[in-house]
Structure formats: structure tokens, C-alpha cells
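The block underneath contains the structure these notes are about, expressed in C-alpha cells.
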Amino acid sequence: MSSLKQATDTTTKYSRAELITLVVVLLAGCLARGLFLSDVAVEHFDEGVYASNLWFSAEQGAEYPGRYYYAPPLLPFLIEWSMIFFGSGAWGVFLPSLLLGSLTVLLMWWVGRNWFGPSAGLVSALLAGGSDLHLLYSRTALTDVALGFFLLLSVYLIWRSWLSLDWKWPLLAGFAIGLGWSVKYNGWLPLAIGFSGIVPWLWIHRRDRLPVTSFLARAVAFTVVAVLVWSPVLIGLQKWGGYAVVAANHSRYVVGFSGWFASCTRQLLNLRLLEGPPGFLSLGLVCLVCCLLGLHGRRVTGEAGRSTWNTLLSGALAALPLLVAWLVGITPTLAILAAAGILLQLFFTRGFQTQQDQGADSKADPETLARSLAAWLLAAWFCGLLLATPLYYPYPRLTIPWTMSAWLGIAALAGWFEHRGGSSLYELCSKSSEGHFKPARLIPACSLVGVALLVILVSRSWSVAAWQPRNGLASISRQMLSDLQRDLSSADEAVLYIYAEPGLFFNLKAQGHQLTGPVADFQFLNSLSSQMPVYLIAGPHAARDPEFAKQFDPVRNRFDLMQTYGYKPSLLVRLNQAQLPAESETESVQLYRAR
């Protein structure tokens, strides 16, 4: 066990080129997430639920009614305090996701580097920083980016826990799992990944006489800590009927194996619609990195001659993923490359082959054991979520945890090329500057990758899904209050009841209207005051809710339709609907006055 500790605790030097590259990638990722926030506001149904804590007093429960159905309280708590310090504007509402999304890029680099080498760290950071999916959801008040961050951190800390004698790692792993579990109800996923990955690893390396009891003790430690950290959430659910109530609500969105193929197909369509220049640019840079590493590896192993045709062939193979991504989408391409990287790390590394050749008496070195464990954890993560994610209703944000495993799988591919060639990308640059490596021979191959990337970027629309305006409900809120101000002596005199539109509720509150509240029925009609006008606001969710029509029809004669407001929902909202609406299709919000 002490030898395993050495594999993860050895001090690694970071070259100046690596640190500069990391800073550039990180700054680009942060910039892409923070641009044009003035055009972004709360719009998604769940966003309105999570961001509305501040509008409810302690007597009202200090949260949006029914919040526990949608997520645990940690992210709403973070948004609430962010709004206290920075206001109810875009920065105050979205800051937690922006920070965790940007930190995910940095954490991706750290995990990829520690698992598979410096080049792998660069590749994973590039993919995370330029992912159109991750960019979009980093600019929302939703739980999925935060879950992805804690999932990645937890799996990494579990890996450290398995390999180190230091008990701080299981405690930190349990704490991180508990935090992720307090962000989203499937935050227990790192436990499943950790246990699924350790079993085949122990069996493959059983000849190394690894201390199984020590692994069991650490598993118990981080599991117990995770449950303890999450226990306040479980205790808080008891007043609503316990976790069974939440599980019953979530079961409505499970499509099962019979709906797996349709859900998977829809997810691929959703992710295809989100693709833009950032995703293709990051994939192109990754192909370029793998091309350089692959060419160097072939020269080191003597598998390539000096023929320009061999170099051009290598460049064509490196550009092939870009062509596949252009034809069928980035997500299938990521899946193929990730699967190749994981398989190569598991069964075609030098350590694995040497051990098989030498027989049962050989023992793997600590570095090989650590890398092998990382590959098995990643395989469990990648394969498990590839199977499980389409069992659920195809919300695009649910693919973020699997997509992160695909990034690490491609990092594993770059790590395999690096391990095969014996030099990282940064070392190749150093050798080039010292005259030991001649990059001129690589120009034809790199040019092919560059031309393929340029053609794709020129031929596609330069629209970035994450930067599209998402302020339709905010605009309606301003217009509605302006209309009320014109019809009444003061808009503040009106009482506004909102049915099934948390996003609209949030925006009206953020505009400063105090007498606004959500309703799930029409009991308020029994206590109308003649002194204050009362209004009902119903939007797209009410129109699609059979329960609303059932309750509204008997009392329709008690309302007068005052105004209808139309708006175009953003792509993020449209992708959640069972049938994808056309881009030109509009939604409407009705303002009724109660008699």
C-alpha cells in the first residue's frame, strides 16, 4: 500500500509552457461563460424554483413551494447568498454556476493530468472549456453543472482514497460526495462509480497481493461521511413524507428500457442542435494534440519512416474525427474516441502487456497500478451512464455527467499516445527549441487537421447556443408591470397570482413587485378584496397542464382576459419539450383580472 501512495504523492514539475497553456485555456473558458450575460435571465421552470429563496420569508418556508421535489437545498442556498451580495441581476443569480463551471475546467485539467499525464490534462481542459453543452448550462441557475463539478471531484478523491494510506482522502471524498448529493438527488453516483471500478481492478491485479481489507475500510469511511453530510437533506424531507415522495415524483420521468432507444435518439438530436464553433474548435485542437503525439510515438517505436506520405496519412487519420463530427455530430465522435482511449489504457498499456508476458509472478509498478485504477473507474463511469442516462426523459442537461466521462476518455487516449512516445506535448516543444526534435516534418499532418477545422468552421453557422438571448420572461415582466402602471394608479396596488410559472414569478419579484405569489389552485377567489385588484397570470406550463384546465374551466366566468404576451422561448427551454417546437414558434402568457 505504501508503494501505491508513492504513485500519487510524487512531486511533479510543471513546465512554464504547460502553466501558460493552462492559463490561456482557463481564461478562454471563463470568458466564454461570462460573455453577454446582460441578455440572460431566469427562464427555465426549475431556475425559477431554485432562485426564489430570497422572496419567501421564514413563515412561508424560506423557499419556493415544493422546491424539495426538484432538488436538495444546497444550490438554492448558494444562489440566495449570491443574490444577497450581488443583487437579483444576472451575475447574482448565475454566479454559483459560472464559478463551478469555470472551476470544472481547472479540475478537469488536474484530474486528467494526474490520471493519464500532462497531455491528457491539456486535452480534458480543452474539451471542458469549449463544450457547447457545458457553456450553456454554466450560464443557468440549474443544478447540473454543480453536480458535474462535485462528481468529478468525488471520483478523483475516491481514486486517491484507494491508493493512499492517508485517511484524509476518504474523509475528503465523503465530504465531496455529500455536497454533490446535496446539490442533486443523484449525487450518490460517485459511490456507484467507485465501487464498480475497484472490483475489476482488484481482480485484474490480484497477483499483486493488494490489501483488500484496507480498501474495504476506506470504502466504509467515505460512504459513512457522505451519508452524514447528506443527512440534513434527508431529515428535512421528513416533514414532506420522506425521500419516498421525491422518488415517486422522479419515477414519472423514467422511460425504462422500452424507451431507451427513443430517449437516446432524442438526446443525440438535442446535443446536435447545441453544437457550435467552441465545440468544433476544442475538438480540432485535441485532434492536433493527438496528431503530434501519435507522430512522435511512431518515430520513437520505429513504426514510421521518413516518407511524407506516411506523415500525410497520419494527419488524415487525425482529421478524421473532425469529419465524423461534422457528419454525425460531436457527441458520437466523443463517444468513439473515449471508448478507444479507455480500452487502450485498460488493455494496451506497456505495464499491462509486460505483466501478461512475464506471468503470474510479476508485479505491476505503482504508476501502472494508479493509472489502471483510474482507467477502471473511468470505464465504470462512462459505460454506466451511457446505459443509464437514456432510461430517463431526454433532458439535455442530464447528459453532462456522461459527457464529462467522455472528455476524460479522450484524455486517456492522449495519455496513451504520450506514454507510447515517452514525451508529453510540452517536452516535444522543448526538444524542438533545443534542436533535438524537428517539427518541420509534422507540418503536412498538422496542416491537414488545420484545414479540416477551418473548412468546418467556415461552413457552419457561427451561432453559439450559450450566447443566445434568454430574457423573454424578463421582458414580459417589465411590459406587464408597465401595462398595470398605465391602467392603475400604481402597479404596486395589484395582487398578482402566478400559476405554474416560477420563472415569471422570479422576474416579477426581481422587478420589484411585492404582491406576487405562486398558486396551485383558485382558492384565492374566496377571499377577494374590493380595495385591491387581483390578477391571475398563466403561461405555457399552465396551457400544457391538464390540472389547470380542470380547475380553471369552472371559474372561467370570474376572470376577464386583459392581455396576452407572446415571446420566443430560448433553445434551452425548447429542448425540454416532448416535441421540439420550431424556432419561429412562440409561447404566450395570459394576464387575467379577477372579478
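What you see is a predicted model, and the numbers here were worked out from it, not measured in a lab.
- Taking all atoms of both residues into account, the shortest heavy-atom contact from Pro533 to Tyr535 is CB-CE1, 3.8 Å.
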- prompt: Run the side chain to side chain contact (heavy atoms under 4.5 Å, CB included) check on Phe150 and Lys184 step by step: do they pass?
  reply: CA-CA 10 Å; Phe150 286 112; Lys184 201 173 180 72; over 6 Å; no
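- Taking the ring-ring contact (aromatic ring centres under 6.0 Å, His included) definition, one finds that Phe552 meets it with Phe522, Phe548, Phe559, Tyr592, sequence neighbours left out.
- Every residue was checked against the salt bridge (Lys or Arg N to Asp or Glu O under 4.0 Å) condition with Asp132, not counting sequence neighbours, and none meets it.
- When side chains are defined from C-beta on, Leu408 counts as touching Leu152, because their heavy atoms get closer than 4.5 Å.
- The minimum heavy-atom distance linking Arg397 with Asp144 is given by the pair CD-OD2, 2.7 Å.
- When side chains are defined from C-beta on, Ser124 does not count as touching Ile410, because their heavy atoms never get closer than 4.5 Å.
- Checked by atom type and distance alone, the side chain of Thr403 pairs as donor or acceptor with a backbone atom of Thr399 at under 3.5 Å.
- Shortest non-hydrogen contact noted between Leu157 and Ala176 is CD1-CB, 3.9 Å.
- Within the 4.5 Å cutoff, the side chain of Pro396 has heavy atoms near those of the Tyr137 side chain.
- For Trp260 (side chain) and Leu387 (main-chain N/O), a donor-acceptor pair under 3.5 Å exists by modelled atom type.
- The main-chain N or O of Arg139 is found under 3.5 Å from a side-chain atom of Arg470 such that the two form a donor-acceptor pair.
- In this structure, His513 and Leu496 have side chains that are in contact, with non-hydrogen atoms separated by less than 4.5 Å.
- Leu274 pairs in a side-chain contact (heavy atoms from CB on, under 4.5 Å) with only one of the listed residues (Val464, Leu136, Leu135), which is Leu136.
- Judged purely by distance below 3.5 Å, without hydrogens or angles, the side chains of His250 and Asn186 never pair a donor atom with an acceptor atom.
- Classification of the Tyr253-Tyr395 ring pair by plane angle, with boundaries at 30° and 60°, yields tilted.
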field: Working for side chain to side chain contact (heavy atoms under 4.5 Å, CB included), residues Leu179 and Val183
entry: CA-CA 6 Å; Leu179 290 178; Val183 166; 5.8 Å; no
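- Annotation: side chain of Ser88 is not in contact with side chain of Leu54 (no heavy-atom distance under 4.5 Å).
- No side-chain donor-acceptor contact under 3.5 Å links Gln60 to the backbone of Pro65.
- Of the inter-residue distances, the one linking Trp159 atom CH2 with Leu377 atom CG reads 9.5 Å to the nearest 0.5 angstrom.
- Distance alone, capped at 3.5 Å, is enough to place a donor-acceptor pair between the Asn507 side chain and the Gly503 backbone.
- At least one side-chain heavy atom of Phe45 sits less than 4.5 Å from a side-chain heavy atom of Val49.
- Ser475 places a side-chain N or O within donor-acceptor distance of the main-chain N or O of Asn471, the cut-off being under 3.5 Å.
- Rounded to the nearest 0.5 angstrom, Ser154 OG and Leu191 CG are separated by 8.0 Å.
- When all heavy atoms of Gln267 and Thr389 are compared, the closest pair comes out as NE2-CG2, 4.5 Å.
- Here CZ of Phe56 is found 11.5 Å from CD of Glu80. Values are rounded to the nearest 0.5 Å.
- Going from atom OG1 of Thr143 over to atom CD1 of Ile400 covers 8.5 Å, rounded to the nearest 0.5 Å.
- With hydrogens and angles disregarded, no donor-acceptor distance shorter than 3.5 Å links the side chain of Arg272 to the backbone of Leu268.
- Checked by atom type and distance alone, the side chain of Glu501 pairs as donor or acceptor with a backbone atom of His541 at under 3.5 Å.
- Minimum interatomic distance between Phe506 and Gly48 (heavy atoms only, all atoms of both residues): CB-CA, 4.5 Å.
- In terms of modelled atom types and a separation under 3.5 Å, the side chain of Ser102 and the main chain of Leu98 share a donor-acceptor contact.
- Distance alone, capped at 3.5 Å, is enough to place a donor-acceptor pair between the Ser161 side chain and the Trp169 backbone.
- Between Val42 and Leu473, every side-chain heavy-atom pair lies at or beyond the 4.5 Å cut-off.
- The aromatic rings of Phe195 and Trp162 are tilted relative to each other, their planes meeting at an angle between 30° and 60°.
- The salt bridge (Lys or Arg N to Asp or Glu O under 4.0 Å) search around Arg478 returns none, not counting sequence neighbours.
- For the pair Pro73 and Val233, the minimum side-chain heavy-atom distance is below 4.5 Å.
- Residue Leu391 holds its CG atom at 10.5 Å from CG of Leu385, rounded to the nearest 0.5 Å.
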message: Does Trp91 form a ring-ring contact (aromatic ring centres under 6.0 Å, His included) with Phe86? I'd like the steps, not just the answer.
response: CA-CA 7 Å; Trp91 281 104; Phe86 301 103; 8.7 Å; no
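- Here the closest heavy-atom approach between residue Met108 and residue Ala128 is recorded as CG-CB, 3.8 Å.
- Interatomic distance, CG of Leu172 versus CZ of Arg160, reported as 10.0 Å (0.5 Å rounding).
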